[in-house]
Amino acid sequence: MSTLYSGKFKSIPRIVLLTLFLGTLNMTSSFACKKTYTLKEGISFSKQIASNSAKSYVISSRFDLTNEEVLLPRGSVLVFEEGGMLVNGKLAGSQTELKCNSPRAILGKNLLLSGKWTNKEIEVAWWDCYSDGKQDDYVPLHNISLSVSEMKKAKLVFPEKAKYCVGITFCDERSGSDKRDYVFDFSGCNVDIQMNGTTITVAPNGYTRYTLFMFRNNAKFSISDGHLIGDRIGHDYTASYYPKTHEFCFGIDVRGSEGTITNMNIEQFPGDGIRVFNDYDWSSKNTLSVASATVKDCSIHHNRRQGISVADCGEVLIENCQIFSIGDSDNIAGTAPKAAVDLEFESGEGVAGKIVVKGCTITDCNGGSVVTGSRNKNWDTIAVYDCKMTNAMPSFINQGGGKYDVHDLEISGGNKDAFRTVFNLPENVYNIYVRGSQYLNLSKKTYLKNCSFVSDNNRFYISMPEGAIFEGCTFDGLKGQDGCKYIPGIEFFGGFNL
């Protein structure tokens, strides 16, 4: 009988080698990874995954994970067929893909995802929500945000023009705790949220602090094309827990994170539509992480405290936004400062980068349009330009901070202290048109250039210390001359130069 080789196997007949090879091949194939395994109803999901190595797992019935965390095989695929659903537990992906024929509920309200997933998009529609805009979807929506935070990076996609309602029922304020409730809580992750015209409404509640979308712990985010509605009208303001004003009920809170907010309609919050604030350690007085944001093409209105609050932060850009009806409205009292954009550095350190408000239309804000607080110290630049302000007067206060860049504003309406734009301005203010105001309060460093002031009652009351300067300005069409001490219809208090 001939042999195959003259070397190591020269003494083994050809037929014996073939038999050994086929036997080895058969033995190896019995341990090989199967292409597809269909999970059997009534048997533990985790045990079936552990004992059946496969590329794809087909799920056609409901499995309760009984609060277990199931680690899925690397590179595996979960295929959900009609009737397939996983509930109550956590799925830890390992380059895992989740598949279903169309966006539908395949994950229970209490199902979390973690680990690495290869899906380009995470669909909100995968979770079991009522999605009727009336019944409470807090639990699944909250768990979606926790899933994204654990996954570290995701594109989160809402169904087109869906409606959700969330009840604020999980915070501890009844026991006096200082805990705030975050509906969506994105922490330390990178997330792109596409809302696709979806509306999320907060159900009436009496809690003094809550946030619909929280971004914190160095999150990188974008959120766009959504409608957020708070419970300002139905809110119960009688609860006396901190803060008694209920002013910390926010639409979006950017805490020590960085991102963009685009084409959002944010309304009816007992506090702010948006807040931007560094993550700050109050005990050590150290900044833990810096908050920066771009707010663009948004409509922010009917909020009790602010349209947008900017506290200690990095760079903030507010561009082409409509901000209106901030403070008192619909027979519901607002809470101070009631401004469209409030720049008030809450830590007392006043640390901020460049803050720009441009191309915005601001109307009917009780506390003013762009308002700076009294603790603005260590900021870089505050720039406000190309804005139209009606019944919402700007007010700037500087206590030795950076520079202002204020120009090309159209300001109208208002009565008492209507125009307070130039408190302690150290920089030029130019190309401003003011109509309807009676009071103009200046500081000794104010330098007004090429500004026009038109009073509805043909009078202005201008209070200013010695040193303030007007250059090329007109008052009801009357231009002051150098050395002139009096212009008809204008009363000056203090020194001045014209």
Side-chain angles (χ1 to χ4, degrees), residues 102-105 107 109 113 119-149 151 153-168 182-187 189-203 210-216 219-231 249-255 257-269 272-276 293-303 307-308 318-323:
S102 59
R104 58 182 176 82
L107 306 175
K109 300 178 187 298
L113 301 180
N119 295 81
K120 292 182 179 179
E121 298 178 351
I122 300 298
E123 301 277 356
V124 173
W126 289 343
W127 274 264
D128 185 18
C129 297
Y130 293 111
S131 306
D132 60 4
K134 298 178 181 179
Q135 299 180 82
D136 186 6
D137 278 323
Y138 174 96
V139 172
L141 296 181
H142 182 69
N143 285 332
I144 288 170
S145 68
L146 298 184
S147 295
V148 169
S149 294
M151 294 163 66
K153 185 176 182 178
K155 179 179 180 180
L156 183 64
V157 179
F158 281 80
E160 287 194 13
K161 298 181 179 179
K163 295 183 183 298
Y164 299 92
C165 177
V166 292
I168 308 299
Y182 309 141
V183 179
F184 289 89
D185 185 6
F186 297 99
S187 177
C189 60
N190 189 328
V191 59
D192 172 16
I193 304 170
Q194 298 186 0
M195 294 195 66
N196 291 317
T198 285
T199 298
I200 303 177
T201 303
V202 177
Y210 68 77
T211 297
L212 188 47
F213 278 87
M214 166 61 80
F215 301 97
R216 60 191 180 102
K220 303 292 186 293
F221 73 92
S222 64
I223 182 170
S224 61
D225 303 317
H227 188 184
L228 311 182
I229 305 175
D231 69 320
C249 298
F250 302 144
I252 297 176
D253 197 355
V254 182
R255 176 65 67 85
S257 297
E258 178 182 350
T260 61
I261 303 168
T262 309
N263 196 31
M264 296 289 292
N265 185 352
I266 305 172
E267 61 169 305
Q268 307 294 345
F269 285 90
D272 304 344
I274 299 171
R275 185 175 75 158
V276 183
T294 295
V295 182
K296 188 173 181 179
D297 299 325
C298 292
S299 178
I300 305 168
H301 56 100
H302 291 94
N303 300 302
I308 303 173
I318 302 168
E319 182 177 7
N320 296 335
C321 292
Q322 307 281 329
I323 307 176

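Keep in mind the model is a prediction, meaning the values are calculated, not measured.
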Greater than 12 external heavy atoms within 6.0 Å of Gln135's CD: yes
Flag, side chain of Asp136 to backbone of Gly167, donor-acceptor distance under 3.5 Å: yes
Shortest non-hydrogen contact from Gly251 toward Leu228: O-CD1, 4.2 Å
Any Tyr164 side-chain heavy atom under 4.5 Å of Pro140 side chain: no
Pairwise side-chain contact, Ile122 with Val157, heavy-atom cut-off 4.5 Å (strictly under): no
Residues in side chain to side chain donor-acceptor pair (under 3.5 Å) contact with Glu319, at least two apart in sequence or another chain: none
Closest non-hydrogen atom pair between Asp132 and Lys134, with its separation: OD1-N, 2.9 Å
Within 45° cone and under 6.0 Å: Lys109 NZ/CZ vs Tyr130 ring: yes
Residues Tyr138, Asn143; criterion side chain to side chain donor-acceptor pair (under 3.5 Å); working and verdict: CA-CA 8 Å; Tyr138 174 96; Asn143 285 332; over 6 Å; no
Close side-chain approach of Asp272 and Ile274, heavy atoms under 4.5 Å: no
Non-hydrogen side-chain atoms of Leu156 and Ile144 separated by less than 4.5 Å: yes
Main-chain N/O of Val254 paired with Ser257 side-chain donor or acceptor, under 3.5 Å: no
Asp225 side chain to Asn196 backbone, donor-acceptor under 3.5 Å: no
Non-hydrogen atoms of Ile300 and Gly307 that approach each other most closely: CG2-O, 3.5 Å
For Phe215, ring pair (Phe, Tyr, Trp, His ring centres under 6.0 Å) partners two or more places apart: Phe186, Phe221
NZ/Lys220: more than 12 non-hydrogen atoms of other groups inside 6.0 Å: yes
Partners passing salt bridge (charged side-chain N to carboxylate O under 4.0 Å, His left out) against Glu121 (at least two apart in sequence or in another chain): Lys155
pair Asp253-Tyr182: side-chain heavy atoms closer than 4.5 Å: no
Beyond-backbone contact of Thr211 with Phe184, side-chain heavy atoms, under 4.5 angstrom: no
Nearest atoms (heavy-atom pairs only) where Cys321 meets Asp297: SG-N, 3.9 Å
Ile193 and Phe158, any side-chain heavy atoms less than 4.5 Å apart: yes
Heavy-atom donor-acceptor pair, Ser224 side chain to Thr262 backbone, under 3.5 Å: no
With sequence neighbours excluded, residues passing salt bridge (charged side-chain N to carboxylate O under 4.0 Å, His left out) with Asp128: none
Closest approach of Ala293 to Val276 (non-hydrogen atoms, all atoms of both residues): CB-CG2, 4.0 Å
Which residues share a side-chain contact (heavy atoms from CB on, under 4.5 Å) with Asn265, sequence neighbours left out: His227, Glu267, Ser299, His301
Set of salt bridge (charged side-chain N to carboxylate O under 4.0 Å, His left out) partners for Asp137, sequence neighbours left out: none
Note: Asp185-Arg216 ion pair, threshold 4.0 Å (strictly below): yes
Sub-4.5 Å side-chain heavy-atom contact between Ile252 and Leu212: no
Closest contact, heavy atoms only, Val124 versus Leu141: CG1-CD2, 4.1 Å
The single option from Ile266, Ile223, Val183 passing side-chain contact (heavy atoms from CB on, under 4.5 Å) against Phe213: Ile223
